[in-house]
Amino acid sequence: MINKCRLRISREHFDILTRHLFPGDSDEHGAVLLAGISSSAGQPTLHVRELHLAKEGSDYVEGKIGYRALTPTFIHRLITRARDERLAYLAVHNHSSDREVAFSRIDLESHSRGYPALLQISRGMPVGALVFGLRSIQADVWLPSGGRLSLDEASVVGNTIQRLTPSPVRSFLRTAETHDRQLRMFGADGQAELAKCRVGIIGLGGIGSLLAEYLARLGVGKFCLVDSDRVEQSNLSRIVGASPADATSGATKVAVSHRLILQANANAQIQIITDDVAKESVAKTLTSCDYLFLAADSMRARLVVNALIHQYLIPGVQLGSKIRPDSTGALIEVMSANRPIRPGRGCLLCNQLIDPTQLAKEAKTDAERKAQAYGVEEPNPSVISLNAVSAAHAVNDFLLDYLSLRPEGNQLYYGHFHFLKRTRSQVEPRKDQECPECSHRGLRYGRGDAVELPCIEG
Ligand SMILES: [Zn+2]
Ligand SMILES: [Zn+2]
């Protein structure tokens with residue numbers, strides 16, 4: 001039986017690979033990808049961690065049976081590396097087709113001859129092949145258990161998200177009149193992509209509830225909502241959809257957003273988790289999301305979501321707003337932030353947005369904090385209209401990037417809106433080449449389920 005897998009690859013790796021496969025000579029070229037693996041709701045996903053281009057004439061030569069082939073030396077070096085690093089081994093070549101691609105009979109025969117032996121060397125790691133057309137990809141992945149996987153969909157995750165399949169996918173979404181005005185911007189295919197998309201929203205307070213409202217009305221079909229808090233009287237000024245009765249009964253914030261989403265889209269599939277994202281079991285449910293919105297304000301949530309983005313190659317964004325008075329109460333800063341995070345583009349840690357002191361403080365209980373004279377934090381000021389700026393920009397980025405409605409471009413910016421000064425700054429994120437959380441050589445990048453998330457328990 002052949003099942004399907006997904007593939008995630010960064011834009012950076014994809015561009016290097018496709019330039020190598022399609023240099024304009026209409027010939028066939030080769031490479032090997034090493035990929036982390038994850039499994040969520042029964043669907044395996046491969047996350048490309050390493051790219052090894054096969055040099056013409058020395059690593060990729062005339063084949064004895066097929067047209068061209070990787071040399072045994074090149075294969076051996078990389079299958080043993082795959083085994084040692086606990087990564088899947090994927091041999092890549094290209095055909096000259098465009099939107100549709102499939103393995104040839106000769107390709108498949110060579111897999112049958114070669115892969116049983118490679119599976120013995122790889123000691124429990126999958127091995128297989130990818131074939132690239134100009135705008136299409138197919139996979140034939142052999143599992144140690146004896147199963148085989150073809151490709152459902154590959155996502156190229158850069159500033160924008162490009163989707164590639166073995167052949168063109170027709171969307172069968174019945175477009176409702178509800179979305180008529182926005183269809184004129186996204187097209188029926190874009191609307192179908194939104195209906196299939198599963199977004200994770202971490203934190204359903206002031207910013208998260210706005211995200212839920214915007215995304216549901218746009219027609220996003222699947223949600224995973226994570227927040228352990230209940231609605232209080234003081235939240236009513238900014239949680240969209242919350243009523244005084246919710247505060248009185250102590251309704252959970254996820255329940256309020258659940259209700260809000262269904263009002264806009266009765267068919268939405270919503271998973272609600274009334275728990276802390278810092279728990280491993282909770283963080284793991286987010287690995288099947290296509291996009292992550294981080295609207296919780298703890299350092300631990302930042303650490304965990306930052307890890308998810310780089311370990312599983314999922315695009316995401318961190319949102320927040322900040323109001324800072326001086327000692328006399330005069331405002332010195334009123335700002336909203338929208339920080340898109342993409343694999344290969346630096347992370348919250350290399351941009352000093354994860355404060356180790358604060359992280360340590362959060363690990364202590366309230367009683368411990370008091371004992372050590374940290375004091376229990378005063379609640380931060382928060383205002384709905386500041387939250388709305390941050391949420392609206394994050395949702396605009398999601399639409400334009402996820403549906404590839406703007407050019408890929410080279411720059412990724414954090415947007416900081418300073419309201420007292422009436423200015424907006426665009427900050428290019430730093431990328432620390434040695435960052436343990438996001439660099440290609442770091443412990444986490446693309447490793448999927450093989451390494452632990454920086455969680456606390458459970
Ligand atoms: Zn072929
Ligand atoms: Zn980093």
Side-chain angles (χ1 to χ4, degrees), residues 10 12 17-18 20-22 25-33 49 54 56 60-70 75 90-98 100-115 128-134 136-141 150-151 157 166-167 292 294 299 302-318 339-356 359 412-414 427-447 451 453-454:
S10 71
E12 201 180 356
L17 177 60
T18 49
H20 174 75
L21 295 175
F22 301 102
D25 61 2
S26 307
D27 208 344
E28 190 180 305
H29 302 278
V32 166
L33 302 179
R49 176 173 162 92
E56 288 311 311
Y60 203 59
V61 297
E62 248 173 74
K64 287 199 187 83
I65 301 167
Y67 171 55
R68 315 197 74 188
L70 296 169
I75 296 173
L90 300 165
V92 181
H93 77 287
N94 62 298
H95 289 174
S96 54
S97 57
D98 184 7
E100 203 154 345
V101 71
F103 290 103
S104 67
R105 187 178 50 80
I106 292 172
D107 288 336
L108 292 169
E109 284 169 4
S110 88
H111 300 174
S112 298
R113 275 193 310 276
Y115 291 161
L130 299 174
V131 60
F132 278 54
L134 276 166
S136 49
I137 307 181
Q138 179 56 290
D140 179 24
V141 179
S150 64
L151 186 72
V157 183
S167 56
L292 297 174
L294 172 57
M299 284 299 152
R302 286 190 187 184
L303 188 68
V304 171
V305 173
N306 192 54
L308 282 168
I309 289 170
H310 296 94
Q311 197 167 323
Y312 293 88
L313 310 186
I314 303 170
V317 60
Q318 186 255 324
R339 302 186 179 108
I341 316 168
R342 303 287 185 268
R345 295 286 180 156
C347 78
L348 294 178
L349 187 72
C350 22
N351 285 279
Q352 279 134 36
L353 291 164
I354 299 175
D355 175 6
L359 199 58
L412 186 78
Y413 292 111
Y414 292 164
V427 182
E428 197 181 340
R430 265 188 300 253
K431 182 182 172 184
D432 174 356
Q433 299 296 342
E434 302 301 321
C435 178
E437 294 295 313
C438 75
S439 76
H440 287 150
R441 289 186 299 274
L443 60 95
R444 211 171 281 294
Y445 186 90
R447 284 200 181 271
V451 295
L453 289 162

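Counting starts at 1 for both ligands and their atoms, following the listed order. Predicted model, so just to flag it, every value in this text is computed and none were measured.
Annotation: H29 is not in aromatic contact with F22 [ring centroid separation under 6.0 Å not met]. Ring pair Y445/H440: centre-to-centre distance below 6.0 Å.
H310 lies apart from the Zn ion (ligand 2) in this respect, since none of its N, O or S atoms is found at a distance under 2.8 Å. Taking 2.8 Å as the criterion, E28 does not count as a coordinating residue of the Zn ion (ligand 1), since none of its N, O or S atoms falls below it.
Here the angle at the Zn ion (ligand 2) defined by SG in C438 and SG in C350 stands at 100°, rounded to 10 degrees. Rounded to the nearest 10 degrees, the angle NE2 (H93) to the Zn ion (ligand 1) to NE2 (H95) equals 100°.
If you look at D107 and ask which of its N, O or S atoms sits nearest the Zn ion (ligand 1), the answer is OD2.
Ring planes of H93 and H95: perpendicular class, angle over 60° (limits at 30 and 60°).
The shortest distance between side-chain heavy atoms of L33 and L130 falls below 4.5 Å.
Salt bridge status for R444 with E437: present, with a side-chain N to carboxylate O gap under 4.0 Å.
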